[in-house]
Protein chains: 2
Amino acid sequence: METELKRGFLVRQRAFLKLYLLKMIEANKRYGTQFLDDLRTEFKPYGYHPTHSEIYKTLHELTREGWVRREKKLLGEPGVDFQEIIIYHFTEKGKQEYELYRKQMKVELDRCLGLLNQAMSDHYGPIKRK
Amino acid sequence: METELKRGFLVRQRAFLKLYLLKMIEANKRYGTQFLDDLRTEFKPYGYHPTHSEIYKTLHELTREGWVRREKKLLGEPGVDFQEIIIYHFTEKGKQEYELYRKQMKVELDRCLGLLNQAMSDHYGPIKRK
DNA sequence: AAATGAACAGAGTGTTCATGG
DNA sequence: CCATGAACACTCTGTTCATTT
């Protein structure tokens with residue numbers, strides 16, 4: 001998949017969101033707008049308010065790369081109140097890619113934490129631990 | 001100063017570099033290329049290799065905003081081996097702005113660490129402490 | 001070759017507009 | 001009005017080119 005994990009400085013938003021979306025797709029079968037709402041709620045304490053277009057672009061990318069397939073749910077089906085929605089399911093390829101991606105992102109997030117902790121230590125003294 | 005501290009997701013590279021450059025200007029009177037070399041060395045373990053243009057653009061911005069003034073050192077002056085270099089000094093305004101900026105960046109870096117730690121916890125279980 | 005600077009180009013992302021139910 | 005999608009525009013940043021010593 002083409003999404004770059006490493007970019008030298010900090011992890012890209014898209015790569016970060018992808019990790020969350022993959023997890024959400026795996027867990028509960030919800031759809032785009034709900035993913036967005038959930039993420040906004042979770043990140044609110046950190047002042048991070050993702051946009052709907054980033055979510056959709058990430059979902060499109062996952063679809064294009066064959067990690068997930070789309071299933072349309074039409075108005076009237078269970079849980080569909082207003083209009084059609086799109087549910088995402090993993091493909092076989094996607095399951096395997098997710099497993100790998102998750103591992104790679106662990107390394108990447110560790111790297112970013114290292115960089116930020118280094119800056120903390122450089123500018124505000126040693127990191128305090130409880 | 002116009003550089004945005006917060007951008008919703010993670011801190012921008014420029015804001016991050018600015019914090020380091022201000023500290024280096026305060027500490028030892030060195031010049032652009034040496035700042036770059038020092039930073040590359042320090043961040044090498046984290047796979048981060050800043051570019052010379054980001055460094056200069058940040059220094060230009062600090063100058064434009066009146067936080068620092070430039071002093072040209074000419075070939076032959078003590079420590080100038082090959083050609084002229086530019087040394088940066090704080091202005092009075094710059095000293096005060098740095099103090100403030102440093103405090104703001106602490107908050108911002110804490111926020112970023114919170115976001116990344118949240119992701120770590122969400123995807124790889126609770127944060128391990130020694 | 002070292003140091004600085006500027007132009008240019010490409011990636012990343014947010015805002016806005018558009019469409020169908 | 002909700003859900004999705006696409007177009008567009010702007011910001012950020014890296015690559016390249018230029019100048020001086």
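So you know, we letter chains A, B, ... as the sequences are listed, proteins then strands, and number each from 1.
Straight-line distance from the CZ atom of A/Phe16 to the C1' atom of C/dT13: 16 Å, rounded to whole Å. Put simply, OH on B/Tyr56 is 19 Å from P on D/dC17, counting in whole angstrom units. Separating the CD1 atom of A/Ile86 from the P atom of D/dT4 is a distance of 6 Å, rounded to the nearest angstrom. Taking atom CZ of A/Phe35 as the reference point, atom C1' of D/dA3 lies 13 Å away to the nearest angstrom. When the C1' atom of D/dC1 is taken as reference, atom CG of A/Asp37 falls 14 Å away, rounded to whole Å. Counting to the nearest Å, the C1' atom of D/dT4 and the CZ atom of A/Arg64 are 16 Å from each other. Rounded to a whole Å, the CG atom of B/Leu59 is 15 Å from the P atom of D/dT13. B/Lys72 places its NZ atom 11 Å from the P atom of D/dT20, with the value rounded to the nearest Å.
Under the salt bridge (Lys or Arg N to Asp or Glu O under 4.0 Å) criterion, no residue pair touches residues 115-124 of chain B, with sequence neighbours excluded.
The side chain of B/Ile85 lies closest to C/dT4, out of C/dT4, D/dT13, D/dT4. Each of C/dG14, D/dT4, D/dT13 was ranked by its minimum atom distance to the side chain of A/Gln13; first place goes to C/dG14. Candidate nucleotides D/dG14, D/dT4, C/dT13 were compared by shortest atom distance to the side chain of B/Glu54, and D/dG14 ranks first. Side-chain atoms of A/Arg14 lie closest to C/dT13 of the nucleotides C/dT15, C/dT13, D/dT4. Distances were taken from every side-chain heavy atom of B/Arg70 (C-beta onward) to each of C/dG5, D/dT13, C/dT4; the shortest belongs to C/dG5. The listed nucleotides are C/dG5, D/dG14, C/dT13; the one nearest the side chain of B/Tyr88 is C/dG5.
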Could you go over nucleotides 6-9 of chain C and give all protein N or O partners under 3.5 Å, atom names and distances?
none

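Across all strands shown, B/Leu74 has no heavy atoms under 4.0 Å from either base or sugar-phosphate atoms.
Residues passing the ring-ring contact (aromatic ring centres under 6.0 Å, His included) test with B/Phe35, sequence neighbours excluded: none.
Salt-bridge check for A/Glu54 with A/Lys57: passed, with a basic side-chain N closer than 4.0 Å to an acidic carboxylate O.
Within 6.0 Å of NZ in B/Lys103 there are 12 or fewer heavy atoms belonging to other residues, nucleotides or ligands.
Of the side-chain N and O atoms in B/Thr33, one or more sit less than 4.0 angstrom from OP1 or OP2 of C/dT4.
Between the base of D/dT20 and the side chain of B/Gln83 there is a donor-acceptor pair shorter than 3.5 Å.
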- Item | Test side chain to side chain contact (heavy atoms under 4.5 Å, CB included) applied to A/Arg111 and A/Val11, step by step | CA-CA 9 Å; A/Arg111 188 186 70 83; A/Val11 62; 5.8 Å; no
- Given the rule in the side chain to side chain contact (heavy atoms under 4.5 Å, CB included) test, do B/Phe9 and B/Leu115 qualify, once you have shown the distances and angles that lead to the verdict? CA-CA 9 Å; B/Phe9 186 52; B/Leu115 193 51; 4.1 Å; yes
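Between A/Lys44 atom NZ and A/His49 atom NE2 the span is 8.5 Å, to the nearest 0.5 Å.
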